[in-house]
Every structure is written in structure tokens, then in C-alpha cells.
There are 2 protein chains.
Amino acid sequence: MAQKQEYLSKNQKIVLDIIEKSAQPMKAYSILFNVQKKGLKAPPQVYRALDKLVEIGKIHKIESRNAFIACRNSACTIANATAFSICESCEDVKEISSSKLSKYLSNFQDKEGMKYNKYNLEFFGLCKKCK
Amino acid sequence: MAQKQEYLSKNQKIVLDIIEKSAQPMKAYSILFNVQKKGLKAPPQVYRALDKLVEIGKIHKIESRNAFIACRNSACTIANATAFSICESCEDVKEISSSKLSKYLSNFQDKEGMKYNKYNLEFFGLCKKCK
DNA sequence: AATTTTATTGTTATATTATTACATAGTTAC
DNA sequence: GTAACTATGTAATAATATAACAATAAAATT
């Protein structure tokens, strides 16, 4: 297992910063638009930073929405094991950090007895406000 | 809850047919290429069929791969509650049908006591062959 | 049967999301 | 200091998905 990188590069900091300031997931091109004043002009600059940030667990990708959200788990140890609840009305997204759930899922065995320590789970429904 | 539709339209049949013949998930434009000999020439024709087939549970979308796979569960009752294992090496995808897992997940309550009967879970790892 | 409504189709164009490729510069390890 | 690696800048393009509109066809209502 590769050691987690301890510092962030200039572009990675800029991209992480903008994502952390958003309560909700951000799309790549929205991030791009927001960081243009900081000198990041082209998609690859953003996508490279996103790739790295996902890899080290600072952010997560919400696959069903093609959007990126900052990890709020103190230690970001669950970069590979993520769970979210998504409101289908207002698109509010919350990361779920339940050790019970993560234990259950990392211990889950399929029919061939195989286990997985990497997974992504997205729950859909209506949030409190929208219900 | 809306009644499930009992028949498929011409284009829906064509698209479903090609997906069912594939052991692995298919991408939309690969489907498009394959159905051009049957007269479906433009992306919207394929995407509309895909949307409908997903809605009625005949196929599922593998969100992390932007690809579509036929549902192999007899009754297709779990259109809203899907789980897959994905091999990160050969990209082999298998639908997981475990009533234990689906019960666990549909009974899962988040910190606010909220339950979700709709979810998508994608497990990642190496399949038998690739391990 | 005629009307109305709903679902489906065909088509063009375009929007959105993401990557390739290549040149350059900075950092780290030896 | 040089080699190896990591990050950056830039242009071009690939891949994924939707909007908008006109036309048909099928189903439901009268």
C-alpha cells in the first residue's frame, strides 16, 4: 500500500480549497470556472488535481452525479469505502460515516466468498426538508 | 407507485436485445454502433431506450463505468436497489443478488433515522481470474 | 369512429464530461 | 549533478449525454 502524500501541490490546494468551501458536490467544469481567476485555465489542470485528491481521500466523487465533494471524515481513512445519501429533489448530498455500515460492507462476502475493502454506496431518497 | 410497463417498444427491444447478448456492461455509444444496422442512428434514440429500460429494471447502469448491464434477477424487482462487484483489472462486472445484503441496506438508518429503499452499491476488487 | 391524450420516433444540433498528447519546469533520490 | 519522477501549461479532441422540434403511432375517452 502506497504511503499517503503529505502535502498538496499548488493546483491541488486551489482545487481542494474551492471544493471544501462548497457545502454541496461540485462539477468539474464549475470548479474550472471558479479557479480561472487563480490561473487554472484548462480542464486537465482541474482533472489532474481531482484525480489526485480522490486518490488520497481528500475528496470523493459522487458517481451518479459526476460531482466531487470534500471528505468530512476527520482522518480520511475511508477513501476506498464511501457511502452517501443523496436527496433526489434538492440534490443535497451527505457523506455517511457509520462504522457499523463500513464494517458490514467490508466483511460482506459474495457467493464465491470474495470480500471487498473498496466500495462506493449511494443511497437515494428525499431529505428532511424535501419530504 | 407506477405500474411497470409490460411491453417494450421497438427501439427498447432492440437496445435491450443487444445488452442482453453481452456478458459485460456496454457503453451507450457502443450500443449505438451495434444498433445502427437496425436503423437507430442517433444518440437520443439509444439514450431514451436506456432511460426507460433502467426505469423498469430491465437493465442497470454501472455508474462508475458509464455502462449498462442487463438485469439477471428473475423478477427484476430490485431496479432501485442494486449491487455489483467490479474487477478493477479486467472490468468484469457481476450483479450481486443477496437478500441479506438488500435487507441490511434497505433497513439501514442514517444518523437522523432515515431509511432508503433506493440505493446503488459498487464493490471493487480483483476477480478470481485476475487475482 | 372521432377525439384527445400519451408515448414513441426521427433528426439536427449542441451541451457536458473527460482524456490524449506534447512541451516544459520543478523536486527528489542517488 | 544527473536521472527519475512529479507537476504544470496548453491545444486539441474524445466520450458521454441532452435540448429542441417535428412527426407518428398507440391508448384512453367520449
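Naming: A, B, ... by sequence-line order, numbering from 1 per chain.
- Between the side chains of B:Asn120 and B:Thr82, a donor-acceptor pair is found at a separation under 3.5 Å.
- Annotation: of the two residues near DNA chain D, B:Arg65 and B:Pro44, the 5′-most nearest-nucleotide partner is B:Arg65.
- Atom-to-atom, CD of B:Gln36 to P of C:dT11 comes out at 12 Å; the value is rounded to the nearest Å.
- Straight-line distance from the CZ atom of B:Arg48 to the P atom of C:dT12: 13 Å, rounded to whole Å.
- Atoms CG (B:Leu50) and P (C:dT8) sit 14 Å apart, rounded to a whole Å.
- The phosphate of C:dT8 (OP1 or OP2) has a side-chain N or O of B:Lys52 nearer than 4.0 angstrom.
- Nearest nucleotide to the side chain of A:Lys61, out of D:dA7, C:dT11, C:dA18: C:dA18.
- The listed nucleotides are D:dT18, D:dA7, D:dG9; the one nearest the side chain of B:Pro43 is D:dT18.
- Ring planes of A:Phe123 and B:Phe108: parallel class, angle under 30° (limits at 30 and 60°).
- In this structure, A:Tyr104 and B:Tyr104 have parallel ring planes: the angle between them is below the 30° cut-off, well short of the 60° mark.
- In this structure, CG of B:Leu32 is placed 11 Å from P of D:dT16, rounded to the nearest angstrom.
- For the pair A:Lys111 and B:Lys94, the minimum side-chain heavy-atom distance is 4.5 Å or more.
- Between the side chain of B:Tyr7 and the base of C:dA7 there is no donor-acceptor pair of N/O atoms closer than 3.5 Å.
- Nearest nucleotide to the B:Gln45 side chain, out of D:dA17, C:dA18, C:dT11: C:dT11.
- Between A:Ser9 and D:dT6 there is no side-chain N or O to OP1 or OP2 distance below 4.0 Å.
- When the P atom of C:dA15 is taken as reference, atom CG of A:Asn66 falls 18 Å away, rounded to whole Å.
- For C:dT11, the OP1/OP2 oxygens have a side-chain nitrogen or oxygen of B:Lys41 closer than 4.0 Å.
- B:Met26 and B:Tyr29 fall within the same hydrophobic cluster, where Ile, Leu, Val, Met, Phe, Trp and Tyr residues are linked whenever their side-chain heavy atoms come under 4.5 Å apart, directly or through other members.
- Aromatic stacking is not marked for B:Tyr47 over D:dT18, as the cut-offs of 5.5 Å for the centres and 30° for the planes do not both hold.
- In this structure, the CD1 atom of B:Ile62 is 14 Å from the P atom of D:dT16, given to the nearest Å.
- Applying the 4.0 Å criterion to OP1 and OP2 of D:dA7, one finds that A:Lys10 has every side-chain N and O outside that range.
- When each of B:Asn11 and B:Tyr29 is assigned the nucleotide of DNA chain C bearing its nearest heavy atom, the one mapping closer to the 5' terminus is B:Asn11.
- In this structure, CD of B:Glu63 is placed 12 Å from P of C:dA18, rounded to the nearest angstrom.
- If you take CD of B:Gln12 and P of C:dA7, they are 12 Å apart, rounded to a whole angstrom.
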